[in-house]
Amino acid sequence: MNPFESLVAPVLQAFPELDANDITFTPPPNLDLGDVTIPMFPVARKLKNAPAKIAAQAAKKVSFGPEVSAAEAAGPYLNLRLDRAAFARRIVSAVLSGGDAFGSNRSGAGKRVVLEHTSINPNASPHVGRARNAMIGDSLARLLRFEAHEVEVHYYVNDMGRQIGLLVLIADQLQNLDFDGVLDAYVEANERAREDEAFAAEGYALLAKMEEGDPDTRARFRAVTDLCLEGQLAVLARLGATYDVFDRESKYVRDPRQERLLEALRARDAVFTDEKQRLVVDLSKLGYPREEGRYFVLMRANGSSMYGFRDLAYAMDKQELGADMNLMVLGEDHKLYAQQLALILGAMDHPAPESVYYSYILLKDGKMSTRKGKVVLLSDFLDQASELARERVAEQCRDLPPGEQQAIAEQVAVAAIRFAVLRVTPNKNVIFDMDQALSFSGDTGPYVQYSCARINSILRKYGGEVSAVVPEDFPAGSTAEWALLTALANFPNVVAGALQQRSCSTIAVHALDVAHLFTTFYHDCPVLKAETPALVEARLQICKATLQTLKNALHILGIEAPERM
RNA sequence: GCCCCGAUAGUUCAGUGGAUAGAACGAACGCCUCCUAAGCGUUAGACGAAGGUUCGAUUCCUUCUCGGGGCGCCA
């Protein structure tokens, strides 16, 4: 949606050398200068003249018609003063008719996407660091769906491996191990493996039996990993994260695809058995440029396979689903690893999935450490945040039944964590501060929700149905209204940019902008007590359009917009 | 040692070559007979360092410093 589309043709008429793509619209730094700006840099480049000169020319030469009351050059910019009401009407109308799809460019219509994310090792309850993957992945899925892609979300269950083997051993010794006890058991198992060589060896032996397909061993692994997975999914469900398909790693042991891959590697002379009898890929034969990270082990000396060997089969399996886009969300610790996988797959001209990386979440006083107990568990955070929110809701929504109060509190808690994490650019570390995340004030998810609750409150008090049909003589045009509406109009661009960057952080930032602008509007422009009935109606429509935009943005972020809070 | 990310107010984050670098938290002061004070207003406060490319650099390039991640039987 470009609300200023009608201004393009007059410019092209005055400068026939240009085409529509040369004309862009940006908000001026402040509304005293004008209502919208056309920067002359691209225009000047094409006309091979100084931007300021072109701007001055354009101010005189272009006849915009009645929608533009003034066109002034300011340096390299052409500032236009508009008949705001006419444009405001178009914007509100576009938002209201777009509804839940407002903001979507439908760029994914007809495209299928396979997206793998979260894929936490089935051991302990996830901490907020691990959960960054789930939040980024889940929001990416939502963004893709919002843009009309058909998305299938996959969760890779790492139900094998040394650490799971150790956990199985410990689980056998402890009685009635439940999910809450897994973290301690896991720490204990790893400690013991470090100290007690026999115990560690037992773990490897168990792993080998698992790979051989011993039914009893498989059942024991399955029991432990199911216990963990169920517990983890319950916590992730609180976040609103959902998955369509669970792929178990154990399915990819001795996968027939691996033999095909080995053939391709042999043909490139890129695989060998080393002096310790390990099966190793020499990536330098596949174009890898450095000594560090040059070797990639597929199989241990005892014939058991490494994680990467199974993962290669998994990557091929996912590719065979034939999606138009094959994405996976990975921590930055997987960067080299994914590059290595891509090179190996490339040996058989097999495409690799596209990786979306994110950096670790750090605590204010340093890195998280499971061993030192220096972690913030996602469930602990949600419990605390939910309890704090519940106290607030109990004060402010006394008339609601406790169940509803509780539901709202949970929504606020989820908003707090999702927003705090998602608003940061994925390739930057998130510095997580518990107190800050629990404060709910300032630039937070709950603040955006609060804006929604205020709008809902106005609509509730009004009582009637707010029409989606915007009248010809839409009376709104004050500064606060204009600033808010132009931000709403920009939402589709923000969505398109987010998809391009594979990151929802700009959506979070935009939601915050809109919420701030709404608050200014809220203070400057009375809605229900506006001077005329027509203005009441118009402002109600602005409220409704704002709510719709915020809801759509929050939906992509996986955050609810409560009616009250 | 080598490779990949990052560095913006005291703090946490925006800002994809263009106008006076924006918020929020924290600090100080002020605002609830007025649609929810989880709010609003005012004040103070920043581009890690040095070079380069450009009409113009927080943004691109180089080096350095600091932080995060990685570099053959963990997943």
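Keep in mind it's a predicted model, so treat the numbers as computed, not measured. Residue numbers begin at 1 in each chain, while the letters A, B, ... track the order of the sequences.
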Task: Listed once per pair and sorted, the side chain to side chain donor-acceptor pair (under 3.5 Å) pairs that draw on residues 119-131 of chain A, sequence neighbours left out - done: A:E116-A:S119

Task: Closest listed nucleotide, where the reference is the side chain of A:P29 and the choices are B:rC35, B:rG39, B:rA19 - done: B:rA19

Open item on the list: What's A:N79 touching, base or sugar-phosphate or nothing? Going by heavy atoms closer than 4.0 Å.
Closed with: base

Task: Listed nucleotide nearest any side-chain atom of A:N427, set B:rC5, B:rC40, B:rC35 - done: B:rC5

Restricting to nitrogen or oxygen on both sides, can you table the protein-nucleotides 22-33 of chain B pairs closer than 3.5 Å?
from	atom 1	to	atom 2	distance (Å)
B:rA23	O2'	A:D443	OD1	3.3
B:rA23	O2'	A:D443	OD2	3.0
B:rA24	O4'	A:D443	OD1	3.2
B:rA24	O4'	A:D443	OD2	3.0
B:rA24	O2'	A:D443	N	3.1

Open item on the list: Under the rule for side-chain hydrogen bond (donor to acceptor under 3.5 Å, both in side chains), what residues qualify as partners of A:S139, not counting sequence neighbours?
Closed with: A:R418

- [ ] Give the rounded distance in Å between these two atoms: CG of A:L363 and P of B:rU11.
- [x] 18 Å

Open item on the list: With a 4.0 Å limit, can you tell me whether A:Q339 has a side-chain N or O closer than that to the phosphate oxygens OP1/OP2 of B:rC4?
Closed with: no

Task: side-chain hydrogen bond (donor to acceptor under 3.5 Å, both in side chains) involving A:N429 - partner list, sequence neighbours excluded - done: none

Open item on the list: Test: ring pair (Phe, Tyr, Trp, His ring centres under 6.0 Å). Region: residues 425-461 of chain A. Which pairs qualify, not counting sequence neighbours?
Closed with: A:F381-A:F432, A:Y447-A:H516

- [ ] Identify which nucleotide among B:rC40, B:rC34, B:rA38 has an atom closest to any side-chain atom of A:T519, counting heavy atoms from C-beta outward.
- [x] B:rC40

Task: Secondary-structure stems, RNA chain B, at least 3 Watson-Crick or G-U base pairs under 3.5 Å - done: B:1-7 with B:65-71, B:10-13 with B:22-25, B:27-31 with B:39-43, B:48-52 with B:60-64

Open item on the list: Among residues at least two apart in sequence or on other chains, which ones pass side-chain hydrogen bond (donor to acceptor under 3.5 Å, both in side chains) with A:Y156?
Closed with: none

TODO: Classify every nucleotide of nucleotides 64-75 of chain B by which part a protein heavy atom approaches to under 4.0 Å, writing B for the base, S for the sugar-phosphate alone and - for neither, in 5'-to-3' order.
DONE: ----BSSBBBSB

Open item on the list: Under 4.0 Å, counting only non-hydrogen atoms across every strand here, what does A:C525 touch: a base, just sugar-phosphate, or nothing?
Closed with: base

Open item on the list: With hydrogens left out and only the distance checked, is there a donor-acceptor pair under 3.5 Å joining A:S505's side chain and the base of B:rA14?
Closed with: no

Open item on the list: Need one value for A:V527: base, sugar-phosphate or nothing, where a base atom within 4.0 Å counts as base even if backbone is also close, heavy atoms only.
Closed with: base

Task: Note, A:L540 side chain near A:I458 side chain (heavy atom, < 4.5 Å) - done: yes

Open item on the list: In this structure, how many angstroms lie between the P atom of B:rC35 and the CD atom of A:E531, rounded?
Closed with: 16 Å

Open item on the list: Rounded to whole Å, how long is the line connecting atom CZ of A:F521 with atom C1' of B:rU36?
Closed with: 16 Å

TODO: Starting from C1' on B:rA14, measure out to CG on A:L422 and report it in whole angstrom.
DONE: 15 Å

Open item on the list: Checking A:E212 against A:K209 for the salt bridge (charged side-chain N to carboxylate O under 4.0 Å, His left out) test, could you report, in this order, the C-alpha distance in whole Å, the side-chain angles of both residues, the deciding distance, and whether it holds?
Closed with: CA-CA 5 Å; A:E212 285 159 18; A:K209 263 177 101 175; over 6 Å; no

Open item on the list: Test of understanding: with salt bridge (charged side-chain N to carboxylate O under 4.0 Å, His left out), list the residues that count as partners of A:E291, not counting sequence neighbours.
Closed with: A:R294

- [ ] Grab the two heavy atoms, one from A:M368 and one from A:G129, that are nearest each other, plus how far apart they are.
- [x] CE-N, 3.7 Å

Open item on the list: Any side-chain to backbone donor/acceptor pair from A:Q258 onto A:D255? Under 3.5 Å, distance only.
Closed with: yes

Please enumerate all protein N or O atoms sitting under 3.5 Å from an N or O of nucleotides 53-55 of chain B, with distances to 0.1 Å.
none

TODO: Can you tell me, in whole Å, how much space there is between the P of B:rC25 and that of B:rA37?
DONE: 16 Å

Task: Spacing of A:I431 atom CD1 relative to B:rA14 atom C1', expressed in whole Å - done: 16 Å

Open item on the list: So A:F41, base contact, sugar-phosphate only, or nothing? Heavy-atom distance under 4.0 Å.
Closed with: base

Open item on the list: Looking at A:K285 and A:R268, would you say the former's side chain and the latter's main chain have a donor-acceptor pair under 3.5 Å?
Closed with: no

Open item on the list: Please report the distance separating the P of B:rG1 from the corresponding atom of B:rC55, rounded so that it comes out in whole Å.
Closed with: 39 Å

Task: side-chain hydrogen bond (donor to acceptor under 3.5 Å, both in side chains) partners of A:Y314, counting only residues at least two apart - done: A:D247

TODO: Figure out the CD/P separation between A:E395 and B:rU36, and round it to whole Å.
DONE: 17 Å

TODO: Among the candidates B:rU36, B:rA38, B:rC2, find the nucleotide nearest to the side-chain atoms of A:R564.
DONE: B:rU36

Task: A:D226 and A:R248 ion-paired at < 4.0 Å - done: yes

Task: Spacing of A:I361 atom CD1 relative to B:rU12 atom P, expressed in whole Å - done: 15 Å

Task: Exam field: side chain A:S304 to backbone A:R300, donor-acceptor pair closer than 3.5 Å - done: no

Open item on the list: Rounded at 0.5 Å granularity, tell me how far CG in A:L547 sits from NZ in A:K544.
Closed with: 9.5 Å

Task: A:R290 side-chain N/O to B:rC3 phosphate OP1/OP2 under 4.0 Å - done: no

Open item on the list: Holding to ring pair (Phe, Tyr, Trp, His ring centres under 6.0 Å), I want the full list of residues that pass it with A:H510, two or more places apart in sequence or in another chain.
Closed with: A:F491

- [ ] Please report, rounded to the nearest Å, how far the C1' atom of B:rA37 is from the CZ atom of A:F440.
- [x] 16 Å

Task: B:rU59 versus B:rG15 - spacing of their P atoms, nearest Å - done: 15 Å

